[in-house]
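Note sheet for the following structure.
These numbers come from a predicted model, not from an experiment.
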Amino acid sequence: MAHPTQLGFQDAASPIMEELLHFHDHALMAVLLISMLVLYIISVLMTTKLSSTNTIDAQEIEMVWTIMPAIILIVIALPSLRILYLMDEVNNPDMTVKTVGHQWYWSYEYSDFTDLNFDSYMVPTKDLEPGHFRLLEVDNRMVTPIGTAARILITAEDVLHSWAVPALGLKSDAIPGRLNQSSFLIAHPGVYYGQCSEICGANHSFMPIVIEALPMTNFLNWVTTQTS
């Protein structure tokens, strides 16, 4: 959960988000080194009288500043491509959940269980309980077991929406007539918040997403309660 003075990302709750955070730090270090080098060169140029012919016509330095950017781009691109493949890979999921975006709420269907589906509306401010977050709490949370490879199928019934949960590294468009899929694995119990990230109308800011991750025993008890 983000807090008002937070400058970085939320804590990672899935392996994919951990990879994204590592890649962010990796790319940011490359940007920092480049910025420091450019600043140093600018300061040298501003404070040095360039009268040597070696600085006017130097084939070696031209080769260096042509080849070095290519090497830096490769160093950044390779881990980026690896993460892209990991995010798209969905092999033998243990559970499948279908989410459908509406104006302006989400509905969830658990394909692996009989008659387990519900709508998820934002809780109005006047109905919030102590400890709940304004504009982020819902009446029916999406519940998943921890340590389970889950597949999420995402679509919409009316207009474009976007199903996004930052702590899990998930963001996928919900498009009417199209079924997008993504996968996640939550590493530890907790409650994770997200919101619709596509402007979808007047109440776009009132479509929160709440995922509650439970141990498998508690999850099965929840399923029994919902289907009984």
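Ile72 CD1: more than 12 foreign heavy atoms inside a 6.0 Å radius. Atom CE of Met216 is surrounded by more than 12 heavy atoms from other residues, nucleotides or ligands within 6.0 Å.
Residues Leu37 and Leu33 have side chains not in contact (no heavy-atom distance under 4.5 Å, counting atoms from C-beta outward). At least one side-chain heavy atom of Leu78 sits under 4.5 Å from a side-chain heavy atom of Ile74. Between Tyr105 and Tyr121, some side-chain heavy-atom pair lies under the 4.5 Å cut-off. Using a 4.5 Å heavy-atom cutoff, the side chains of Met87 and Ser182 are not in contact. Between Thr227 and Asp115, the closest side-chain pair of non-hydrogen atoms is not below 4.5 Å. Residues Val165 and Gln195 have side chains not in contact (no heavy-atom distance under 4.5 Å, counting atoms from C-beta outward). Side-chain contact between Val210 and Tyr192 is absent, with no heavy-atom pair separated by less than 4.5 Å.
Atom NZ of Lys98 is separated from atom OG1 of Thr155 by 6.5 Å, given to the nearest 0.5 angstrom. Rounding to the nearest 0.5 Å places NE2 of His22 at 11.0 Å from CE of Met17. Between the CG atom of Leu168 and the CD1 atom of Ile186 there is a distance of 5.0 Å, given to the nearest 0.5 Å. For the atom pair Asn117 CG and Thr99 OG1, the distance stands at 12.0 Å (nearest 0.5 Å). Distance check, rounded to the nearest 0.5 Å: CE of Met142 to OH of Tyr108 gives 6.5 Å. In this structure, the separation between NE2 on His24 and CZ on Phe9 is 4.0 Å, given to the nearest 0.5 Å.
Glu157 and His102 share a side-chain donor-acceptor pair at under 3.5 Å. Side-chain atoms of Arg151 and Ser183 form no donor-acceptor pair, as typed in the model, at a separation below 3.5 Å.
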Show your reasoning for whether side-chain contact (heavy atoms from CB on, under 4.5 Å) applies to Lys171 and Ser197.
CA-CA 8 Å; Lys171 185 179 185 298; Ser197 297; 3.6 Å; yes
Decide side-chain contact (heavy atoms from CB on, under 4.5 Å) for Trp106 and Ile209; before the verdict, give the C-alpha distance in whole Å, the side-chain angles of both, and the deciding distance to 0.1 Å.
CA-CA 8 Å; Trp106 298 97; Ile209 301 161; 3.5 Å; yes
Just do the side-chain contact (heavy atoms from CB on, under 4.5 Å) check on Asn180 and Ile175 with the steps written out, would you?
CA-CA 8 Å; Asn180 290 331; Ile175 304 171; 4.1 Å; yes
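Side chain of Asp112 to backbone of Thr96: a donor-acceptor contact under 3.5 angstrom is found. Judged purely by atom type and a 3.5 angstrom limit, Asp173 has no side-chain atom pairing as donor or acceptor with the backbone of Ser162. Not a single donor-acceptor pair under 3.5 Å links the side chain of His161 to the backbone N or O of Cys200. No side-chain donor-acceptor contact under 3.5 Å links Ser80 to the backbone of Ile76. His132 places no side-chain N or O within donor-acceptor distance of the main-chain N or O of Val123, the cut-off being under 3.5 Å. Asn140 places no side-chain N or O within donor-acceptor distance of the main-chain N or O of Phe118, the cut-off being under 3.5 Å.
Hydrophobic clustering (ILVMFWY, side-chain heavy atoms < 4.5 Å, transitive): Val143 and Ile152 are in one cluster.
In this structure, the ring of Tyr110 has its center less than 6.0 angstrom from the ring center of Trp222.
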